[in-house]
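Heavy atoms only: backbone and side chains are in, while hydrogens, waters and symmetry mates are out. All residue numbers in this chain count up from 1 along the given sequence.
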Amino acid sequence: MSWSGFGKGLGGIAVAILVGAGSAEVSATPLTPFRYQAQAQRHCPHDQVVWLDFRKGVYYGKGQKRYGQGFDGSFVCLSEARDSFYRRSLLGLR
C-alpha cells in the first residue's frame with residue numbers, strides 16, 4: 001500500500017477533520033516556573049505558591065509532604081497551575 005491511497009475510502013471526512021482541528025485556537029495562561037519559593041511569591045504576591053510536579057501532572061500545597069521535593073518540578077502560582085490544567089494532589093492532605 002502506498003501513501004497516495006491513504007484516506008481514499010474515507011472520502012472528504014479525513015480532510016474535514018484535519019482542517020477543522022487546526023482552526024480551533026487554544027489560549028492557556030503561560031506557566032512561569034521558579035527554582036525558589038521566594039521568586040514565585042514575588043511573581044504572584046496575592047496568590048498561593050505551589051510545587052508543580054511536571055512528570056506526574058499534579059501540584060502540592062505548602063503543608064503537603066512532597067512540597068518542594070523532587071527533580072521534576074518547580075514553584076509556580078496556584079492560579080497558573082490550575083489554568084494550565086494541572087490537578088491538586090490529595091497525597092498528604094489532612
**Prompt:** By side-chain contact (heavy atoms from CB on, under 4.5 Å), which residues pair with Arg82, not counting sequence neighbours?
**Reply:** Tyr59, Leu78
**Item:** Qualifying residue for ring pair (Phe, Tyr, Trp, His ring centres under 6.0 Å) with Trp51, from Phe75, Phe71, Tyr60
**Value:** Phe75
**Asked** Does any non-hydrogen side-chain atom of Leu31 lie less than 4.5 Å from one of Leu52?
**Response** yes
**Message:** With a 3.5 Å distance limit and no angle check, can you tell me whether Ser89 reaches the backbone of Leu91 through a side-chain donor-acceptor pair?
**Reply:** yes
**Complete:** One should read off an interatomic distance between Asp47 CG and Ser79 OG, to the nearest 0.5 angstrom, of 4.0 Å
**Message:** With a 4.5 Å cut-off on side-chain heavy atoms, are Thr32 and His43 touching?
**Reply:** yes
**Message:** Check for me, please, whether Val76 and Val58 land in the same ILVMFWY cluster - side-chain distances under 4.5 Å, paths through other members count.
**Reply:** no
**Message:** Could you report the tightest heavy-atom contact between Gly61 and Val50, atom names first, then the distance?
**Reply:** CA-CG1, 4.5 Å
**Asked** Taking the side chain as C-beta and beyond, is there a heavy-atom pair between Arg66 and Lys56 under 4.5 Å?
**Response** yes
**Item:** Pair Gln41, Tyr36: side-chain N/O donor-acceptor within cut-off below 3.5 Å
**Value:** no
**Message:** Quick one, Asp53 and Asp72 - any side-chain contact, counting heavy atoms below 4.5 Å?
**Reply:** yes
**Asked** Within a strict 4.5 Å, meaning less than it, do heavy atoms of the Glu80 and Cys44 side chains meet?
**Response** no
**Message:** Can a donor-acceptor pair be found, under 3.5 Å and without considering hydrogens, that links the side chain of Gln37 to the backbone of Val49?
**Reply:** no
**Asked** How far apart are the closest heavy atoms of Pro33 and Phe54, and which atoms are they?
**Response** CB-CZ, 4.1 Å
